[in-house]
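Letters A, B, ... are given to chains in the order of the sequence lines, protein chains preceding strands, and every chain is numbered from 1.
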There are 2 protein chains.
Amino acid sequence: MDTPWLDRPQLSSWVRLRAVLELLPGVLDAQLRRDADLTEFEYYVLSTLSETPGRALRMTELSWGTNATLPRLSHVVTRLQKRGLVERFSCPEDRRTTHVRLTDDGWEKVRQAAPGHVAIVHHHVIDVLTDEQIRQLAAISDAILARLDPSETMTATYTRYDEPPKPQTRDVK
Amino acid sequence: MDTPWLDRPQLSSWVRLRAVLELLPGVLDAQLRRDADLTEFEYYVLSTLSETPGRALRMTELSWGTNATLPRLSHVVTRLQKRGLVERFSCPEDRRTTHVRLTDDGWEKVRQAAPGHVAIVHHHVIDVLTDEQIRQLAAISDAILARLDPSETMTATYTRYDEPPKPQTRDVK
DNA sequence: CCAGCAAACTTGTCGCGACAACCATTCCCG
DNA sequence: CGGGAATGGTTGTCGCGACAAGTTTGCTGG
């Protein structure tokens with residue numbers, strides 16, 4: 001097996017990306033925990049629901065919008081439910097499914113947490129990049145996601161939730 | 001408090017970056033666990049040591065090179081030590097410090113794991129980007145890191161290990 | 001020269017996420 | 001129209017990382 005090593009520019013880019021992957025989530029998470037007593041992931045669950053008409057989604061749809069596995073989401077929803085921020089309910093149409101709805105408390109929570117979170121995203125990402133770089137970053141992320149997530153579950157996030165993520169060939173090959 | 005919201009291009013870029021942050025580490029981690037029985041972080045600890053003259057570093061220096069807190073690193077080193085991949089030893093010069101050295105087994109482990117890991121980095125990141133985008137990504141990551149890690153601990157990674165990370169104002173403010 | 005502070009780790013506890021196993025419902029097809 | 005597969009979700013277990021003490025060694029100033 002001939003090893004395709006990384007040349008200088010590639011290595012340089014990868015090392016830096018890796019550092020971002022390692023450090024950025026922690027910073028965002030810490031801010032939300034401190035100021036809103038929420039995980040970043042919890043925040044995005046609430047946030048996703050808050051942006052949905054009816055403030056409710058099926059578990060599976062919610063998992064598409066938040067890049068989560070179903071088990072993980074289920075645990076998180078359980079915790080949020082215990083705190084009264086969301087509620088589960090089932091639809092008689094398909095009794096396998098569970099729907100999650102944002103409660104008024106959950107809505108209020110998101111309203112209070114959003115400014116701080118947006119501010120830190122601005123401070124650590126948006127503000128340090130030029131408009132040009134922001135466009136570049138979108139394109140780069142898109143390219144990586146296309147390979148990472150061939151079903152394009154993610155890129156559908158801010159568009160639709162109405163169709164399943166195509167043949168799920170999520171093989172790490 | 002007037003909230004500086006995200007406009008369309010910014011939001012688009014952030015949503016995609018977030019998805020990458022969420023998904024990419026898991027994919028890399030899964031490959032290493034499966035093929036080498038190593039965490040990605042464990043791999044980078046071993047890898048960092050393997051690239052160091054003498055294949056040894058102080059704990060603190062090692063933490064600079066791997067973006068880890070000292071407690072985390074300490075735990076990981078303990079595990080690696082139990083598996084015989086690294087060994088701790090102390091230097092009489094400053095008896096507070098602990099040094100970590102890659103064992104022959106550890107060296108062999110890294111040698112075996114590297115090709116697979118490099119391959120998946122190629123497949124998921126390098127190969128989907130143009131040379132131009134790789135340069136852009138390095139610049140973007142640099143900008144984010146500069147804010148994230150004002151001490152520039154990270155950018156020093158592939159250069160030097162010999163000086164402390166300047167006044168540690170790692171305030172999440 | 002010693003008191004107090006800082007540096008360098010280590011250890012313990014807790015919570016979240018991955019994975020696997022499981023249950024319920026629905027779909028598909030002979 | 002009945003039986004197996006597929007879909008949708010939940011639960012249990014385990015391991016790693018964050019955070020908060022605690023410990024030892026070195027440093028510095030009065």
Asks: Within 45 degrees of the axis of the six-membered ring of A/Phe41 and under 6.0 Å from its centre: does A/Arg72 put its NZ or CZ there?
Replies: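 Checked: cation-pi criterion met.
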Asks: Please pick, from C/dT10, D/dC16, D/dT10, the nucleotide with the shortest atom-to-atom distance to any side-chain atom of B/Ser74.
Replies: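 Selected nucleotide (nearest to the side chain): C/dT10.
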Asks: Could you check A/Glu42 against A/Asp94 and say which one's nearest nucleotide on DNA chain C is further toward the 5' end?
Replies: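 In this pair, the answer is A/Glu42.
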Asks: Grab the CZ-P distance between B/Phe89 and C/dT10 for me, whole Å please.
Replies: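 Atom CZ in B/Phe89 sits about 13 Å away from atom P in C/dT10.
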Asks: To the nearest Å, give me how far apart CG (A/Leu21) and C1' (D/dG17) are.
Replies: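 Rounding to the nearest Å, CG of A/Leu21 and C1' of D/dG17 are 17 Å apart.
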Asks: Classify A/Thr97 by what it touches in the nucleic acid, base, sugar-phosphate, or nothing, heavy-atom distance under 4.0 Å.
Replies: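 It contacts sugar-phosphate atoms only.
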Asks: Whole-Å distance between C/dC16 P and A/Leu32 CG?
Replies: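 Interatomic distance, CG of A/Leu32 to P of C/dC16: 14 Å.
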Asks: So how far is it from A/Leu62 CG to A/Tyr44 OH, rounded to the nearest 0.5 Å?
Replies: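 The distance works out to 14.0 Å.
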Asks: Flag the pair B/Glu40 / B/Gln31 as yes when at least one side-chain heavy-atom distance between them is below 4.5 Å, and no otherwise.
Replies: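 No, too far: nothing below the 4.5 Å cut-off.
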Asks: Quickly work out the A/His99 NE2 to D/dT7 P distance and round it to whole Å.
Replies: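 That distance rounds to 18 Å.
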Asks: Quick one: B/Leu70 CG to D/dT23 C1', roughly how many Å, whole number?
Replies: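 Taking CG of B/Leu70 and C1' of D/dT23, I get 14 Å after rounding.
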Asks: With a cut-off of less than 4.0 Å, is there a side-chain N or O of A/Arg88 near OP1 or OP2 of D/dG8?
Replies: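 A/Arg88 to D/dG8 OP1/OP2: no side-chain N or O under 4.0 Å.
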Asks: Tell me: CG of B/Leu80 to P of D/dG17, nearest whole Å?
Replies: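 Rounding to the nearest Å, CG of B/Leu80 and P of D/dG17 are 10 Å apart.
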Asks: Grab the two heavy atoms, one from B/Leu145 and one from A/Arg16, that are nearest each other, plus how far apart they are.
Replies: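 Between these two residues, the closest heavy atoms are CD1-O, 3.8 Å.
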Asks: Is a side-chain donor or acceptor of B/Ser63 paired with a backbone partner of B/Thr60 at a separation under 3.5 angstrom?
Replies: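 Checking the backbone N and O of B/Thr60 against the side chain of B/Ser63, a donor-acceptor pair under 3.5 Å is found.
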Asks: Would you call A/Lys109-A/Asp105 a salt bridge at under 4.0 Å N-O?
Replies: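 A salt bridge is absent here (no side-chain N lies under 4.0 Å from a carboxylate O).
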Asks: Is the backbone N or O of B/Leu85 less than 3.5 Å from a side-chain atom of B/Thr103, with the two atoms forming a donor-acceptor pair by type?
Replies: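 Between the backbone of B/Leu85 and the side chain of B/Thr103 there is a qualifying donor-acceptor contact (under 3.5 Å).
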Asks: Nearest whole angstrom, please: distance from the P of C/dC9 to the CH2 of B/Trp64.
Replies: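 Distance check: B/Trp64 CH2 to C/dC9 P gives 9 Å.
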Asks: Distance check: side-chain N/O of A/Thr98 vs OP1/OP2 of D/dT10, anything under 4.0 Å?
Replies: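 True: A/Thr98 side-chain N/O within range (under 4.0 Å) of D/dT10 OP1/OP2.
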Asks: Once you round it to whole Å, what is the distance between P of C/dG15 and NZ of A/Lys82?
Replies: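 These atoms are roughly 11 Å apart.
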Asks: Treat primed atoms plus P, OP1 and OP2 as sugar-phosphate and everything else as base, then score nucleotides 18-24 of chain C 5' to 3': B for base contact with protein heavy atoms under 4.0 Å, S for sugar-phosphate contact only, - for none.
Replies: BBB----
